[in-house]
Amino acid sequence: MLILGIDTSCDDTSAAIVKDGKIILSNIVSSQSEIHTKYGGIVPELASRRHSENIIPVVDLALSKAGIDSHEIDAIAVCHGPGLIGSLLVGCCFVKSFAYILGKPILTVNHLEGHIYSNLIVDNPPQFPFISLIVSGGHTSLYLVKNHGEYKELGKSRDDAAGEAYDKVSKLMGLGYPGGPIIDKLAQKGNPNAFEFPRPYLSGSLDFSFSGLKTSVKNTIKKISPKGDSLSLIQKTDLSASFQASVVDVLIQKVHWALKSEGIQRVSINGGVSANAELRKRIVDYARENKFEVYLPPLYLCTDNGAMISAVGYQKYIRGERANLDFNVKAYLPL
Ligand code: KG4
Ligand code: ZN
């Protein structure tokens, strides 16, 4: 069973061929960072235009890398939300035409479910049920994953997602986009205790709120550089490490509470921020000390990719689900 999986929900154009929901034959991701970096964030119109230019070459490359002809695929899975409307439309309109020409079924996939499957497409995946922490640029959410396709939301971001906070803090420091990998690197050379930033635990809740933390970083930058002069390298590394320590503390605490409240010993972390070196190290140490299992995707499956969409598509295919050609994209799409 060969499924072409496509994701154009945000700023990466991605296409993958996955065999039997598990074996990744190809996984092409064309990043747009270089066009958005000067704006310090994604410009939706530019993202859609670049997706339009990229989608056919990226799908072509996914097919040729997998060594298969388009007629050999059994179905096409595509992310139809949540995400940027214009970006989603490019992927979904392409898929409608391609599936129609090839006479293949379409499977529509929720982007968040895709991220959860980045932990299930690998060797030794977590057994059901498990807790899943999705930490990306658009979402910070905790789910109880009961089985394939069975989810219960435990908590979600009330304002900025964790990745969004990384991106905005990076912009405040005059760094590029995406901010996560830049801050991740700078933080490795900084002092996490140099600045005291708040830990938004929202006691008793599994929701998240990172906008106050971002504002606190903004106020600190104003204090240390009142005239807006560029920050020194030490200031940047210390701000990065101190900001990141707060994010990671909160994420780990929330995972702990979620595991306790559901009486479960397994957690998977996924989404772009799950690539963060400090988060990966600290959650593994914490899991060892507290005797629970933690599952992290390989780095190439943390950020948006087509393989995770194919993996969900496979489950939908075997359940007999099919999308009609008149399906629509959705900016907001709860799991
Ligand atoms: O999952 P993703 O590719 O797209 C969304 O679904 O949003 O996540 C992108 C986000 C961006 O905010 C980016 O800054 C963040 O993931 N990110 C990171 C790292 N790599 C990517 N954040 C922290 N540390 C990283 N190493
Ligand atoms: Zn994503």
Side-chain angles (χ1 to χ4, degrees), residues 2-18 21 24-33 36 42 44 47-63 65-66 73 75-99 104 106-122 134-139 141 161 163 178 270-275 297-317 323 327-333 335:
L2 294 170
I3 297 192
L4 166 64
I6 291 177
D7 188 288
T8 61
S9 58
C10 197
D11 60 333
D12 291 325
T13 317
S14 44
I17 303 289
V18 177
I24 302 173
L25 301 184
S26 64
N27 189 25
I28 309 299
V29 179
S30 173
S31 164
Q32 300 185 2
S33 320
H36 301 289
I42 300 167
S48 332
R49 282 191 226 165
R50 185 53 71 95
H51 281 307
S52 309
E53 290 161 15
N54 281 349
I55 187 74
I56 293 175
V58 165
V59 169
D60 261 346
L61 194 56
L63 288 165
K65 267 217 158 173
I73 58 178
I76 308 180
V78 65
C79 168
H80 68 312
L84 299 171
I85 283 291
S87 292
L88 289 164
L89 272 172
V90 175
C92 290
C93 289
F94 167 81
V95 166
K96 287 184 186 190
S97 324
F98 200 40
K104 305 289 179 184
I106 299 175
L107 308 149
T108 48
V109 174
N110 184 305
H111 187 74
L112 299 178
E113 193 172 10
H115 276 304
I116 291 173
Y117 271 71
S118 65
N119 295 98
L120 294 173
I121 197 173
V122 293
I134 305 175
V135 257
S136 68
H139 296 85
S141 305
N270 48 68
V273 182
S274 68
L299 293 181
Y300 66 91
L301 292 178
C302 291
T303 42
D304 294 348
N305 64 88
M308 67 187 196
I309 303 297
S310 303
V312 179
Y314 175 76
Q315 294 300 328
K316 293 198 162 211
Y317 189 92
F327 79 86
N328 214 340
V329 298
K330 300 222 161 66
Y332 174 72
L333 183 63
L335 193 54

Qualifying salt bridge (charged side-chain N to carboxylate O under 4.0 Å, His left out) pairs with a residue from residues 307-317, counting only residues at least two apart or across chains: Lys316-Glu321

[Y] and [X] side chains, donor-acceptor separation under 3.5 Å:
X     : Y     : result
Asn54 : Ser30 : yes
Asp11 : His36 : no
Ser14 : Asp12 : no

Sequence neighbours excluded, which residues qualify as side chain to side chain contact (heavy atoms under 4.5 Å, CB included) partners of [X]?
X      : value
Ala161 : Thr140, Glu164
Ala307 : Ala16, Val18, Ile24, Asn27, Ile121, Leu301, Asn305
Ile55  : Ile6, Thr8, Thr13, Val59, Val90, Phe94
Thr303 : none

Using residues 76-84 as the side-chain source, report each donor-acceptor pair under 3.5 Å to any protein atom, sequence neighbours left out, with the distance given to one decimal.
residue : atom : partner : partner atom : Å
His80   : ND1  : Val109  : O            : 3.3

Lys104 NZ: over 12 foreign heavy atoms closer than 6.0 Å: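 Result for NZ/Lys104: enclosed.
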
Taking all heavy atoms of [X] and all of [Y], pick out the closest pair and write down the distance.
X      : Y      : answer
Ile134 : Leu112 : CD1-O, 3.7 Å
Ser136 : His115 : CB-NE2, 4.4 Å
Gly114 : Ile309 : CA-CD1, 4.3 Å

Ser33 vs Pro178 side-chain heavy atoms within contact, under 4.5 Å: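 Yes, side chains in contact.
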
